2 protein chains.
Amino acid sequence: MLCELLDGRSYTNKELASAAGVTPPTATAHLQLLQSAGLVVAERRGRCVFHRLTSAEVAHALEQLASIAPSDALHQAQRRKAGALAPLRSCYDHFAGPLAVAMTDRFLSRGMLIERNGGFDIQPDDVWQKLGVELPHTVGKQPFARPCMDWTERRLHISGPLGRQLLSHALDIGWVKRQTVRRGLVLTMPGRVAFQQILGLDTHAVGAESAAS
Amino acid sequence: MLCELLDGRSYTNKELASAAGVTPPTATAHLQLLQSAGLVVAERRGRCVFHRLTSAEVAHALEQLASIAPSDALHQAQRRKAGALAPLRSCYDHFAGPLAVAMTDRFLSRGMLIERNGGFDIQPDDVWQKLGVELPHTVGKQPFARPCMDWTERRLHISGPLGRQLLSHALDIGWVKRQTVRRGLVLTMPGRVAFQQILGLDTHAVGAESAAS
DNA sequence: GTGATCGTTCGCTCATCATCGAAGCGATTG
DNA sequence: CAATCGCTTCGATGATGAGCGAACGATCAC
């Protein structure tokens with residue numbers, strides 16, 4: 001269930017039950033456990049109850065666990081999934097995978113972001129607006145952009161409010177679409193053009209309907 | 001048991017059994033589980049068997065879990081411990097806590113380390129030798145210095161081979177000593193002098209035999 | 001060799017908890 | 001209002017596995 005929720009979206013009891021291969025009552029019991037442990041939060045909308053991870057910290061901890069988990073038969077299915085969605089995916093609420101790393105590198109080399117003691121300082125630039133990012137008016141206590149270690153790439157990419165804005169804008173405007181496979185994203189043609197024009201990113205290897213097993 | 005092992009040291013079956021409040025047979029069974037899960041490794045020396053965490057990755061994942069764990073009664077004891085050892089401690093095999101963060105800042109501001117894409121590039125400097133650090137002769141694939149997020153400070157400090165060398169040298173030369181309380185380190189007078197002279201660090205608030213509960 | 005210490009194996013017990021079917025509740029649809 | 005759908009509660013069951021004491025093997029001290 002937690003792996004299912006790692007994409008940052010909300011799922012209903014029924015969806016999580018079928019994902020875990022159990023009946024709804026069992027899923028209810030388990031989700032109550034997760035909720036009392038503070039790992040997930042539930043939100044009632046109509047007759048449906050949507051569950052999602054509490055915070056990016058929880059997602060991060062899960063990723064850490066996944067990175068040290070042995071590859072026994074139980075996790076084989078999850079691993080296969082993870083392999084299939086390698087090139088471009090979402091990590092909780094922001095981009096992950098090679099494209100996310102490439103974007104981050106580009107921001108850094110252009111001076112739009114500056115690395116400082118494990119955080120990112122954002123610099124004003126009109127490119128941000130093109131990417132749908134609204135710069136913070138006030139300098140809050142929470143960092144606007146935070147680094148997130150990608151455990152397949154072993155490189156940093158952007159999480160925090162900035163990462164959230166980048167992904168949600170890309171989804172809104174249709175640059176990327178959610179794949180049916182969990183956590184997978186597929187780059188659309190407008191998205192390819194946009195990333196090429198705005199950032200000069202070569203997206204030839206990203207988001208193609210992968211045939212790799 | 002895992003919390004006990006977080007200081008990077010090896011512990012015997014008996015020690016871990018008493019730390020967990022169970023009998024040796026139970027500890028044996030549990031440690032075999034942890035071993036088959038790849039979390040710990042066992043090493044036989046004489047009639048004793050020493051258990052330690054498999055890697056820094058495991059330690060890191062545990063820290064991540066601790067950072068999202070709710071503070072219910074079960075973990076109260078651990079929390080109290082964590083509170084007591086705040087100023088200076090070890091994280092698996094390297095320094096942690098405010099002093100570690102201050103050291104890292106000093107290395108960065110002096111240009112001895114350069115932050116780059118989530119890693120640290122080390123620069124030649126004769127100060128390294130004074131700190132007991134042997135610079136790597138070949139540029140290996142594994143980064144020599146890696147950042148480690150301290151979940152109490154929420155700042156980066158140094159792990160990896162560099163962090164390991166810094167701590168082991170400081171222990172060897174008597175700059176710091178292991179506290180009886182787990183993971184705690186206490187700064188000795190020579191250590192104070194050394195950090196002041198070599199790095200200009202003010203250590204007035206660090207390592208004093210804390211009276212805080 | 002003898003005794004002490006440490007760890008493991010064995011067999012057993014007991015509590016816990018995951019799981020399910022059936023029934024109940026609330027919301028939506030017609 | 002009636003029917004449907006989704007989620008939860010309830011009660012019962014069954015299996016898992018944590019835990020212990022006792023016995024055994026291995027190592028060290030004298």
Side-chain angles (χ1 to χ4, degrees), chain A residues 1-54 58 62 65-66 69-70 72-78 178 180 182, chain B residues 1-54 58 62 65-66 69-70 72-78 178 180 182:
Chain A
M1 287 184 184
L2 289 172
C3 289
E4 205 69 15
L5 290 166
L6 253 189
D7 64 358
R9 287 196 282 181
S10 295
Y11 290 91
T12 64
N13 187 315
K14 199 180 183 182
E15 288 170 327
L16 293 173
S18 86
V22 295
T23 58
T26 308
T28 297
H30 191 65
L31 284 166
Q32 282 173 344
L33 255 180
L34 294 177
Q35 202 172 342
S36 71
L39 296 180
V40 305
V41 288
E43 188 187 350
R44 178 153 214 123
R45 275 208 293 268
R47 60 182 160 185
C48 292
V49 176
F50 289 91
H51 302 270
R52 60 180 170 79
L53 295 186
T54 302
V58 174
L62 289 173
L65 277 184
D72 47 16
L74 255 175
H75 306 107
Q76 210 76 358
Q78 289 295 341
R178 297 267 190 198
T180 48
R182 299 312 179 205
Chain B
M1 288 185 185
L2 290 173
C3 289
E4 205 68 16
L5 290 167
L6 254 188
D7 64 359
R9 286 197 283 180
S10 296
Y11 290 91
T12 64
N13 187 316
K14 198 180 184 183
E15 287 169 329
L16 293 173
S18 86
V22 296
T23 58
T26 308
T28 296
H30 192 66
L31 284 166
Q32 282 172 345
L33 256 180
L34 294 177
Q35 201 172 342
S36 70
L39 296 180
V40 305
V41 288
E43 187 187 350
R44 179 155 215 120
R45 275 209 291 270
R47 61 182 162 186
C48 293
V49 176
F50 289 92
H51 302 269
R52 60 180 170 80
L53 295 186
T54 301
V58 174
L62 288 173
L65 278 184
D72 47 17
L74 255 175
H75 306 108
Q76 210 77 359
Q78 289 295 340
R178 298 266 189 199
T180 49
R182 299 311 180 205

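In this text, all values refer to a predicted model and were calculated from it rather than measured experimentally. Computation of the quantities below employed the complete heavy-atom set of this structure, encompassing side-chain atoms and omitting hydrogens, waters and symmetry-equivalent molecules. Chain A is the first sequence line, chain B the second, and so forth, proteins listed ahead of strands; every chain is numbered from 1.
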Next item on the list: Report the residue from B:Leu34, B:Val41, B:Leu5 that forms a side-chain contact (heavy atoms from CB on, under 4.5 Å) with B:Leu53.
Entry: B:Leu5
Notebook entry, point to check: Given B:Met1, which of B:Leu6, B:Leu31, B:Leu39 fulfils the side-chain contact (heavy atoms from CB on, under 4.5 Å) condition?
Noted result: B:Leu31
Separation of [N] [atom2] from [X] [atom1] (nearest whole Å):
| X | N | atom1 | atom2 | result |
| --- | --- | --- | --- | --- |
| B:His51 | C:dC6 | NE2 | P | 14 Å |
| A:Leu33 | C:dA18 | CG | C1' | 10 Å |
| B:Arg44 | C:dT5 | CZ | P | 17 Å |
| B:Glu43 | C:dG7 | CD | P | 14 Å |
| B:Leu16 | D:dG19 | CG | C1' | 17 Å |
| A:His30 | D:dC7 | NE2 | P | 16 Å |
| A:Leu34 | C:dA18 | CG | C1' | 13 Å |
| B:Met1 | D:dA18 | CE | C1' | 12 Å |

Closest to the [X] side chain: [options]?
| X | options | answer |
| --- | --- | --- |
| B:Lys14 | C:dG7, C:dG21, D:dG6 | C:dG7 |
| A:Pro25 | C:dT19, D:dT9, D:dG19 | D:dT9 |
| A:Ala29 | C:dC20, C:dT19, D:dG6 | C:dT19 |
| A:Thr23 | D:dT8, C:dT9, C:dG21 | C:dG21 |
| B:Arg47 | C:dG7, D:dC20, C:dA4 | C:dA4 |
| A:Thr28 | D:dA18, D:dT8, C:dG7 | D:dT8 |
| B:Asn13 | D:dC7, D:dT9, C:dG7 | C:dG7 |

Item checked: A:Thr12 side chain reached by A:Leu16 side chain, heavy atoms, under 4.5 Å -> no
Notebook entry, point to check: Looking at side-chain heavy atoms only, is the closest gap between A:Leu2 and A:Val40 below 4.5 Å?
Noted result: yes
Next item on the list: Look at the side-chain N and O atoms of A:Thr26 and state whether any lies under 4.0 Å from the OP1 or OP2 oxygen of C:dA18.
Entry: no
Notebook entry, point to check: Does A:Gln32 place a side-chain N or O at less than 4.0 Å from the phosphate oxygens OP1/OP2 of D:dC7?
Noted result: no
Next item on the list: Kindly indicate whether a cation-pi arrangement holds for A:Arg52 with A:Tyr11, taking the cut-offs as under 6.0 Å to the six-membered ring centre and within 45° of the axis.
Entry: no
